[in-house]
Amino acid sequence: MDTKELIAKVKQKKELRGLPDNFIEEVIKEQIKNKGIQYHLLSKKEEKQLIKEVRAKLRIYVGQFHKPKSRHRFLEKDKIEELLKTHSSTKERLPHYPILKKIISNLKSSSILDLGCGLNPIAIANSETEYYAYDINESDIEIINLFFERYKIKGKAYVQDIRKIEHFPKTDLCLLLKVIDVIENKGHKLAEIILKKLECRHVIVSFSTKTLSGVPMRHPQRGWIERLCSRLGYKYNLVKTKNELFYIIEKSYKYL
């Protein structure tokens with residue numbers, strides 16, 4: 001069996017069909033390397049286990065949704081709340097978007113960069129703000145661009161692995177909502193690299209207050225990002241909701 005066949009089998013699950021083949025291939029190769037095996041020598045049992053493990057890892061990166069075909073119908077009928085509910089992370093944040101939008105309004109941002117966006121732009125973007133969004137899920141990016149076109153939002157959404165972007169567009173604000181815990185495999189070096197690269201006045205970084213199994217964390221506050229901000233000379237404020245912590249970070253004077 002070659003990599004293409006493995007990718008096809010992984011994508012038999014509907015919730016993973018929106019992921020680019022090259023991204024899935026990267027996860028497959030990473031799993032194979034970690035296990036010290038060769039995919040062309042896999043037994044049926046080993047192949048089944050590998051596919052199961054790859055799918056589990058991919059689900060961490062992608063917001064699961066239901067009935068993706070219904071998204072276009074919701075958009076065409078301007079049923080925005082129903083559309084937002086098709087993405088698990090966005091659905092969970094629905095009661096708290098007014099808080100987030102008030103924070104953004106107070107920052108007086110005329111341009112926004114949204115990394116690992118999910119369907120956030122559909123809840124946040126407006127015709128007065130320039131909006132750039134990045135995610136690895138092709139289905140999410142497609143519906144966001146259709147939303148931008150329908151509601152005359154200035155900006156664009158792109159299919160991109162944010163871990164590999166060298167230069168981000170310069171904006172007033174960057175959003176990293178429940179993204180850092182997903183893209184960091186070990187330590188917090190990548191988070192620091194991304195924060196340093198960003199050419200913006202403010203960054204909002206959020207974290208879930210629950211474990212992946214849904215159990216509330218005893219100590220949800222992230223001390224490491226507070227220490228990182230202090231070391232880099234960034235100021236920050238913390239806003240808490242039931243399911244999420246929002247760090248509102250002000251970067252150094254050179255971006256102001």
Side-chain angles (χ1 to χ4, degrees), residues 3-28 30-31 51-94 97 100 112-126 131-165 168-169 174-183 206 208 212 244:
T3 311
K4 287 184 178 180
E5 290 177 280
L6 276 175
I7 292 170
K9 289 194 173 185
V10 168
K11 293 181 80 169
Q12 285 175 2
K13 291 291 183 181
K14 287 184 179 180
E15 68 269 24
L16 302 177
R17 290 177 187 170
L19 295 177
D21 287 359
N22 61 344
F23 183 78
I24 296 175
E25 182 178 6
E26 183 180 322
V27 174
I28 289 172
E30 183 181 330
Q31 285 296 107
I51 290 172
K52 182 179 178 181
E53 292 171 357
V54 169
R55 283 173 175 166
K57 190 159 189 179
L58 288 170
R59 286 189 183 100
I60 297 173
Y61 289 100
V62 61
Q64 296 184 33
F65 53 86
H66 309 282
K67 299 180 182 178
K69 289 182 180 179
S70 66
R71 290 180 157 190
H72 292 81
R73 186 168 66 252
F74 288 148
L75 181 59
E76 288 167 4
K77 294 183 177 181
D78 297 314
K79 294 184 176 181
I80 301 305
E81 185 169 332
E82 286 86 345
L83 174 55
L84 292 171
K85 287 179 180 177
T86 64
H87 190 287
S88 59
S89 183
T90 309
K91 182 180 179 180
E92 184 183 78
R93 192 178 290 122
L94 266 178
Y97 271 117
L100 179 58
I112 296 174
L113 171 64
D114 195 339
L115 301 179
C117 62
L119 295 186
N120 287 318
I122 293 175
I124 297 170
N126 59 64
Y131 208 110
Y132 299 96
Y134 294 80
D135 202 285
I136 57 168
N137 192 313
E138 293 173 343
S139 300
D140 290 350
I141 296 303
E142 178 191 10
I143 202 71
I144 290 168
N145 278 321
L146 289 172
F147 171 82
F148 281 2
E149 183 179 349
R150 184 175 181 85
Y151 287 90
K152 296 179 172 54
I153 306 295
K154 186 178 179 182
K156 190 169 177 62
Y158 303 89
V159 177
Q160 279 277 10
D161 183 348
I162 66 171
R163 299 172 301 172
K164 298 181 178 180
I165 298 176
F168 295 105
C174 176
L175 303 177
L176 283 158
L177 304 183
K178 293 203 294 189
V179 172
I180 298 296
D181 284 345
V182 173
I183 64 175
S206 81
S208 176
L212 289 174
E244 205 164 353

Verdict with reasoning, Tyr131 to Asp114, per side chain to side chain contact (heavy atoms under 4.5 Å, CB included): CA-CA 8 Å; Tyr131 208 110; Asp114 195 339; 2.7 Å; yes

Can you check whether [Y]'s main-chain N or O pairs, donor with acceptor, with [X]'s side chain at less than 3.5 Å?
X	Y	result
Asp135	Gly118	yes
Ser206	Lys178	yes
Arg150	Leu75	yes
Asn120	Cys117	yes

Where [X] and [Y] come nearest, the two heavy atoms and their spacing:
X	Y	answer
Val159	Ile136	CG1-O, 4.0 Å
Phe147	Pro121	CE2-O, 3.9 Å
Phe148	Ala125	CE1-CB, 3.9 Å

If you round to the nearest 0.5 Å, how far is [atom2] of [Y] from [atom1] of [X]?
X	Y	atom1	atom2	result
Thr86	Ile122	OG1	CD1	7.5 Å
Asn126	Ile112	CG	CD1	7.5 Å
Ser89	Glu244	OG	CD	6.5 Å
Asn137	His87	CG	NE2	6.5 Å
Ile165	Leu113	CD1	CG	8.0 Å
Leu177	Thr90	CG	OG1	9.5 Å

Parallel, tilted or perpendicular: ring planes of Tyr134 versus Tyr158, cut at 30 and 60 degrees: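 Parallel: the ring planes of Tyr134 and Tyr158 meet at under 30°.
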
Is any side-chain heavy atom of [X] less than 4.5 Å from a side-chain heavy atom of [Y]?
X	Y	answer
Glu142	His72	yes
Leu175	Leu115	no
Lys91	Leu84	no
Tyr97	Ile124	yes

Chi angles and distances behind the side chain to side chain contact (heavy atoms under 4.5 Å, CB included) call for Arg71, Asp140: CA-CA 10 Å; Arg71 290 180 157 190; Asp140 290 350; 2.8 Å; yes

SB check Glu92 Lys85 (cutoff 4.0 Å): no

